[in-house]
Q: 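This is the structure I have questions about; it appears just below.
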Amino acid sequence: MNYQACRTMLLSNIKGALCLSLIILNLCFLAEAAIAQQGPGQSRRATVNRGRSVRPGKTPWWQSAVFYEIYPRSFKDSNGDGIGDLNGITSKLDYLAGLGIDAIWITPVYPSPQVDFGYDVSDYENIDPQFGTLADFDRLVREAHKRRIKIIIDYVLNHTSDQHPFFKSSRSSRDSPYRDWYIWRDPKDGGPPNNWSSSFGPRAWTLDEKTGQYYYHRFYSEQPDLNWHNPAVEKRMFQTVRFWLDRGADGFRLDAVNYLFEDPSFRDNPVGAELRPGSTTEHVQELKYNRDLPELHDVMIRLRSFTDRYDPNRVLIGEAYVPEWDKLMSYYGPNNNELQLPFNFFLVMGKVRTSLDASAFRSVINDSEKALAGRWTTYVLSNHDIPRAYDRYGDGQHNEEIAKLLATMLLTLRGSPFLYYGEEIGMVTTEPRTIEEVQDPVGKRYWPANKGRDGERTPMQWDGGPQAGFTTGLPWLRIPPSAAQTNVAKQAGEASSILNFYRRLITLRRRSPALLAGDYASIGNDPHIFVYRRRGPSQTMLIALNMSNESRSLQLDKSILNQSTPSRVVFSNRPASEGQEVKESLRLAPFEALIVEARTK
Ligand code: GLC
């Protein structure tokens, strides 16, 4: 089974271990990679990088940062065309600064036919007119930097649009100088070269009638894969990295990096018995020969070397849905010389993806810490490909407490949290009602078994007005009915809102050396309360998350807090608990999240 299948199961609330094994079987969706700029000969000599990321002794900015993902189409429309844009983002920087955000990741805004809403790029060094201009981008960077907010851009290395001039030339003739920039193969037995399927639908191969060969595309047929075996591809893609570094980008989120290379002999992938939801003929595959190939690590080492030499403060974040811990660790590189932040998606896989289960969370986080062995990680609960956490975990009765509990976890684990726009007000996944409403092509293809990703991409809910304050025009996706009740303007005025909870929590995190950089230890084995400690030299924070619908007590061993002054509850999603002195036990209300502080100096 694949990403889509798991997603469908998730939405129909089928739980856990099954989903994990299915994800492991295929995880057909993802990842990506890197870039840099020197010529290949030069870059090979530069392979060794000792993992230097900042001046010795100084914590890199991205370790203490709170990241915020913006899906630009849906964030804020400044010109009334119903599509969000760069000027819209700039107009909301004060809001983001007020929330306490340190960096924003903007999904692709390059010129694009928008088949995959920007992940099909037709020009890597410009801005799509529907999002603005390069001057708007420069202004966004300037204004963000004034507010100490960093800008991370999305870089799509694995594939281009079929409308990119390189591909247009590549497909024009077998003799095109760009022919070898993509992956072309002769037909086999009158059909495609092998059995590989695409993430988005049946075949990963499309026949070009004119030249009589098939081209490979891991995603839509409008997204042909680049041939990274060709050194000219790397050279050109690295040049683009420099282009954006020069424009002030503080880092890159590398799309689908684990798909950069394919097996040179194009062997068939093993096929499972299971069918893709919505299809009666397509079987799920194990992506043995077209995902996570070792060659991609050399590219990443060269890319990191390139960005580090440009400026060691720029960060590389990689999207690779990797089902095994050791594989994920390989993206840091043998000497921490690949990505600084490979995305850790283990909170959105397996049992913890859908069920609020303290033992399961404890076990995932402990496994994460063990695998990391001191490296820095990311934590994420939702993004533009994953249904929103609010309704994944909400029980219909305590959704607000649960959303606050999840926020407490995300912002107090040892790692950089990535929030997804709207998460801070508890936006819900709002799927299309009819196939006519669907925008995401994958939803059109597999409707209704898979309704696509529109549900998590709906416009940001700024106020309770007719178009939720997102646009004055007709929004590209329907405004969720929940906008009347759930919106920024309303929550800004309510002391106990989810929005103000995030604000206070981010402020607390910012001021807490233990939460920013302390070590992590899991405490006890309570089946309902996930308890852990973050400890720095001068401060200890104990976090207790009651993941059950009942009041619970927790006995504390004195040595856990190791306090020299009385410990107190400094933060909770039940304000009445705050200020309470903590001795040897804690009492938690249903779904209560508590942070207890002990000062050791
Ligand atoms: C990544 C993006 C996803 C996109 C795919 C193909 O997984 O997150 O939205 O469809 O790559 O580029």
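Just so you know, ligand 1 is whichever comes first in the structure, and atom 1 is the first atom listed for that ligand.
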Q: For Arg218, is the nearest heavy atom under 4.0 Å from an atom of ligand 1?
A: no

Q: Is the Lys NZ or Arg CZ of Lys92 less than 6.0 Å from the centre of Trp462's six-membered ring, within 45° of the axis?
A: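 Because its charged atom sits under 6.0 Å from the ring centre and within 45° of the axis, Lys92 does stack over Trp462.
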
Q: Would you say His217 touches ligand 1, if touching means a heavy atom closer than 4.0 Å?
A: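 No, His217 has no heavy atoms under 4.0 Å from ligand 1.
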
Q: Give a yes or no answer on whether the side chain of Asn450 reaches the backbone of Gly443 with a donor-acceptor pair at less than 3.5 Å.
A: no

Q: Between ligand 1 and Asp116, can you find any atom pair, the residue atom being a heavy atom, that is separated by under 4.0 Å?
A: yes

Q: Show the atoms of ligand 1 that are less than 4.0 angstrom away from any heavy atom in Gln223.
A: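 Atoms satisfying the 4.0 Å criterion: 12 (O).
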
Q: Under 4.0 Å, heavy atoms only, figure out whether ligand 1 is touched by the backbone of Phe200, its side chain, both or neither.
A: side chain

Q: Assess the residue pair Arg236 and Glu125 against the criterion (salt bridge (charged side-chain N to carboxylate O under 4.0 Å, His left out)); give the C-alpha distance rounded to whole Å, side-chain angles, the decisive distance to 0.1 Å, and a yes or no.
A: CA-CA 11 Å; Arg236 184 64 192 87; Glu125 296 181 1; 3.3 Å; yes

Q: Which word best sums up how the rings of His164 and Tyr124 line up, parallel for under 30°, tilted for 30 to 60°, or perpendicular for over 60°?
A: tilted

Q: Show which atoms of ligand 1 fall inside a sub-4.0 Å distance from at least one heavy-atom site of Arg457.
A: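 So the atoms of ligand 1 that pass are 9 (O).
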
Q: I'd like to know if Phe117 contacts ligand 1, where contact means a heavy-atom distance under 4.0 Å to any ligand atom.
A: no

Q: Distance under 6.0 Å and angle within 45° of the ring axis: does Arg185 meet both against Trp205?
A: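 The answer is no, since Arg185 fails at least one limit relative to Trp205.
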
Q: I'd like to check which ligand 1 atoms, numbered from 1 as shown, lie under 4.0 Å from a non-hydrogen atom of Arg453.
A: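 By the 4.0 Å cutoff, the relevant atoms are 3 (C), 4 (C), 9 (O), 10 (O).
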
Q: If we ignore hydrogens and angles and just use 3.5 Å, is the side chain of Asp440 paired with the main-chain N or O of Arg453 as donor and acceptor?
A: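 Yes, the answer is positive, given that a donor and an acceptor are paired below the 3.5 Å cut-off.
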
Q: Which of the numbered atoms in ligand 1 are under 4.0 angstrom from any heavy atom belonging to His159?
A: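 Near His159, the atoms of ligand 1 are 6 (C), 12 (O).
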
Q: Determine, for Tyr420 and Arg392, whether the Lys NZ or Arg CZ falls below 6.0 Å from the six-membered ring centre while staying within 45 degrees of the axis.
A: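 Judged by the rule, Arg392 and Tyr420 form no cation-pi pair.
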
